[in-house]
Peer 1: 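One structure follows; several queries about it will come next.
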Protein chains: 2
Amino acid sequence: MYSIGQAAELTGFSIDTIRYYEKIGLTKPPERSPGGLRSYSEDDLKLLSSLHCLKRTGLALEEMKAFLQEGRCFANPAFPLSGEDREAIESRTRILGEHLIRMEAQYRALADVIGQTKEKLDFYQDLLNKEAAAK
Amino acid sequence: MYSIGQAAELTGFSIDTIRYYEKIGLTKPPERSPGGLRSYSEDDLKLLSSLHCLKRTGLALEEMKAFLQEGRCFANPAFPLSGEDREAIESRTRILGEHLIRMEAQYRALADVIGQTKEKLDFYQDLLNKEAAAK
DNA sequence: GTAGAGGCTGGAGTTGACTCCAGGTCAACA
DNA sequence: TGTTGACCTGGAGTCAACTCCAGCCTCTAC
């Protein structure tokens, strides 16, 4: 088990951010030590890390919340699904699909900008090389 | 020439956002009609569109400002460069290089998350297919 | 020439996502 | 046992990036 400080260190969030996510209900409260200190399991850290990853792609907290929204895991569901389960699955599919489209657009945009940036860098580098040669 | 409303329509920003970018000095003021209305050229729209693209890659406005930082252009400089010019070029090289590293990291992270998201989507889609088949 | 849509300015308000603080508690070590 | 450093809570503060507003102006169409 890990303290909140270790969790912060390992997941890339700040301590305050981790507590904030708990406060707004994005993550569920972790266990506590007898003295009341938060105590995070490996699974908790895994979840936080994947949040960190999602966050870097621009998913808003509310969307993450919707995505994580409760739940049961559908590793081995019984068919036919209950109406509730089907709804949950459909909702996740929708959120993920929408985000995927945005991420793919972002991916293309990023590739573009990276290309442009490299060109500019090459150009400036070239100037500096010529300058060095001219000396 | 285009009105601010048309510019907004064509670039994906809101009217307020376009005026905001002008206010903070991210974009330079466009021409005005004799009556004082903003009037955007094709080039202005191109710039705005590329800002929209940059924004989608998660660059902060301050970073975009640095990225767009115009100033004198070094298309055909005389060698040896003046000390000032060399400094300007070195500074741009540094800024761009740092951006590039961050963007490339982001690019890899994004590819990763896109992959994971697709897997999850496939998984859920599969569940829904099985459900349909079970009926 | 007037109605109505769209645009202008300066400034205030909002939203999302933290970040910091005061005043206390907990835990490990000397 | 005392000190030190990490952690606790509730709540206030901050920051970027918009977004909205009031009161006035411009433009186009009838």
Side-chain angles (χ1 to χ4, degrees), chain A residues 1-41 44-45 47-69 95 98-99 102 106 109, chain B residues 1-41 44-45 47-68 99 102 106:
Chain A
M1 305 295 282
Y2 303 84
S3 73
I4 194 169
Q6 292 172 315
E9 183 101 358
L10 292 168
T11 62
F13 286 119
S14 75
I15 291 179
D16 268 325
T17 299
I18 293 176
R19 279 196 289 245
Y20 172 67
Y21 285 177
E22 185 187 328
K23 183 149 71 178
I24 64 171
L26 178 59
T27 55
K28 64 179 203 311
E31 289 191 25
R32 298 287 182 129
S33 74
L37 303 191
R38 288 173 179 80
S39 176
Y40 294 88
S41 69
D44 291 336
L45 294 199
L47 180 66
L48 280 171
S49 296
S50 76
L51 283 188
H52 196 246
C53 186
L54 279 169
K55 203 182 99 56
R56 285 207 345 226
T57 71
L59 194 60
L61 298 193
E62 276 309 309
E63 294 175 301
M64 285 190 216
K65 208 162 164 178
F67 176 64
L68 295 178
Q69 206 54 288
I95 292 172
E98 281 164 12
H99 188 51
R102 281 201 305 276
Q106 198 187 340
Chain B
M1 304 296 281
Y2 303 84
S3 72
I4 195 169
Q6 291 171 316
E9 183 100 0
L10 291 169
T11 62
F13 286 120
S14 75
I15 291 178
D16 269 324
T17 299
I18 292 175
R19 279 196 289 245
Y20 172 68
Y21 285 176
E22 185 187 329
K23 185 151 68 178
I24 64 171
L26 179 58
T27 56
K28 63 179 205 307
E31 289 190 27
R32 297 286 182 132
S33 75
L37 302 193
R38 287 174 180 80
S39 177
Y40 293 88
S41 69
D44 291 336
L45 294 198
L47 180 65
L48 279 172
S49 295
S50 78
L51 282 188
H52 199 243
C53 171
L54 279 169
K55 203 180 98 58
R56 282 196 348 224
T57 71
L59 287 194
L61 299 193
E62 277 308 311
E63 293 176 306
M64 284 189 219
K65 216 162 163 177
F67 183 82
L68 295 178
H99 273 161
R102 279 205 303 278
Q106 198 189 340

Peer 1: Heavy atoms from C-beta onward define the side chain here; which of dG7(C), dC18(C), dC26(C) lies closest to that of Leu61(A)?
Peer 2: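 Of the candidates, dC18(C) comes closest.
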
Peer 1: Specify the separation, in whole Å, of atom OH of Tyr20(B) and atom P of dT9(C).
Peer 2: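 So the two atoms are 17 Å apart, to the nearest Å.
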
Peer 1: Do Met64(A) and Tyr21(A) come within less than 4.5 Å of each other through their side chains, counting heavy atoms only?
Peer 2: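 Side chain of Met64(A) against side chain of Tyr21(A), heavy atoms only: no contact under 4.5 Å found.
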
Peer 1: Does a nitrogen or oxygen in the side chain of Ser33(A) sit under 4.0 Å from OP1 or OP2 of dC26(C)?
Peer 2: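 No, because none of the side-chain N or O atoms of Ser33(A) sits under 4.0 Å from OP1 or OP2 of dC26(C).
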
Peer 1: Over how many whole Å does the gap from Asp16(B) atom CG to dG7(C) atom C1' extend?
Peer 2: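 Computing the Asp16(B):CG to dG7(C):C1' distance gives 11 Å.
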
Peer 1: Judged by each residue's nearest nucleotide on DNA chain D, which is more toward the 5′ side, Pro34(B) or Glu62(B)?
Peer 2: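 Looking at DNA chain D, the more 5' nearest nucleotide goes with Glu62(B).
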
Peer 1: Tell me the interatomic distance from Ile18(A), atom CD1, to dT19(C), atom P, rounded to whole angstroms.
Peer 2: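 Ile18(A) atom CD1 is separated from dT19(C) atom P by 12 Å.
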
Peer 1: Here's a test of your reading of the structure: between Arg19(B) and Gly35(B), which maps to the more 5' nucleotide of DNA chain D?
Peer 2: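 Looking at DNA chain D, the more 5' nearest nucleotide goes with Arg19(B).
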
Peer 1: Considering all heavy atoms of both residues, which atom of Glu22(B) and which atom of Pro30(B) are nearest to each other, and what is their separation?
Peer 2: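 Minimum heavy-atom contact is OE1-CD, 3.5 Å.
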
Peer 1: When you compare the side chain of Tyr40(A) with that of Thr27(A), does any pair of heavy atoms fall below 4.5 Å?
Peer 2: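 The answer is no; the side chains never approach within 4.5 Å.
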
Peer 1: Ile4(A) and side-chain contact (heavy atoms from CB on, under 4.5 Å): which partner among Leu37(A), Ile18(A), Asp16(A)?
Peer 2: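 It is Ile18(A), the one option of Leu37(A), Ile18(A), Asp16(A) that forms the side-chain contact (heavy atoms from CB on, under 4.5 Å) with Ile4(A).
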
Peer 1: So what does Tyr21(A) touch, heavy atoms closer than 4.0 Å: a base, only the sugar-phosphate, or nothing?
Peer 2: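 It contacts sugar-phosphate atoms only.
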
Peer 1: Picking from dC18(C), dC8(C), dA27(C), which would you name as closest to the side chain of Arg38(B)?
Peer 2: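 It is dC8(C).
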
Peer 1: Where is the tightest heavy-atom contact between Leu45(A) and Ala7(A), given as atom of each residue plus distance?
Peer 2: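 Heavy atoms only, the tightest pair is CD2-CB, 3.6 Å.
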
Peer 1: With a 4.0 Å limit, can you tell me whether Lys23(A) has a side-chain N or O closer than that to the phosphate oxygens OP1/OP2 of dT19(C)?
Peer 2: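 Lys23(A) to dT19(C) OP1/OP2: no side-chain N or O under 4.0 Å.
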
Peer 1: Can you tell me which nucleotide in dA17(C), dC26(C), dG7(C) comes closest to the side chain of Leu37(A)?
Peer 2: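 Looking only at side-chain atoms, Leu37(A) lies closest to dC26(C).
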
Peer 1: In this structure, how many angstroms lie between the C1' atom of dG7(C) and the OH atom of Tyr40(B), rounded?
Peer 2: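 Rounded to the whole Å, the gap is 11 Å.
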
Peer 1: Is there a donor-acceptor contact under 3.5 Å from the side chain of Lys65(B) to the main chain of Ile24(B)?
Peer 2: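 Indeed, once roles are kept as given, a pair shorter than 3.5 Å links the two residues.
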
Peer 1: Is any side-chain nitrogen or oxygen of Ser3(B) closer than 4.0 Å to OP1 or OP2 of dG7(C)?
Peer 2: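 True: Ser3(B) side-chain N/O within range (under 4.0 Å) of dG7(C) OP1/OP2.
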
Peer 1: Take atom CZ of Arg32(A) and atom P of dA27(C), then tell me their distance rounded to the nearest Å.
Peer 2: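 Distance, rounded to whole Å: 12 Å.
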
Peer 1: 5' to 3' on DNA chain D, which nucleotides open and close the contacts with chain A (atom under 4.0 Å from a heavy atom)?
Peer 2: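 First and last nucleotides in contact are dC7(D) to dG11(D).
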
Peer 1: Rounded to the nearest angstrom, tell me the gap between atom CZ in Phe13(A) and atom P in dT19(C).
Peer 2: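 Rounded to the whole Å, the gap is 11 Å.
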
Peer 1: Over all strands shown, is Ile24(B) touching base, sugar-phosphate only, or nothing at heavy-atom distances under 4.0 angstrom?
Peer 2: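 It contacts nothing in the nucleic acid.
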
Peer 1: Any side-chain heavy-atom pair from Ser3(A) and Arg38(A) closer than 4.5 angstrom?
Peer 2: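 They are not in side-chain contact.
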
Peer 1: For Gln6(A) and dA28(C), what is the distance between atoms CD and P respectively, to the nearest whole Å?
Peer 2: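 Going from Gln6(A) (CD) to dA28(C) (P), I get 11 Å.
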
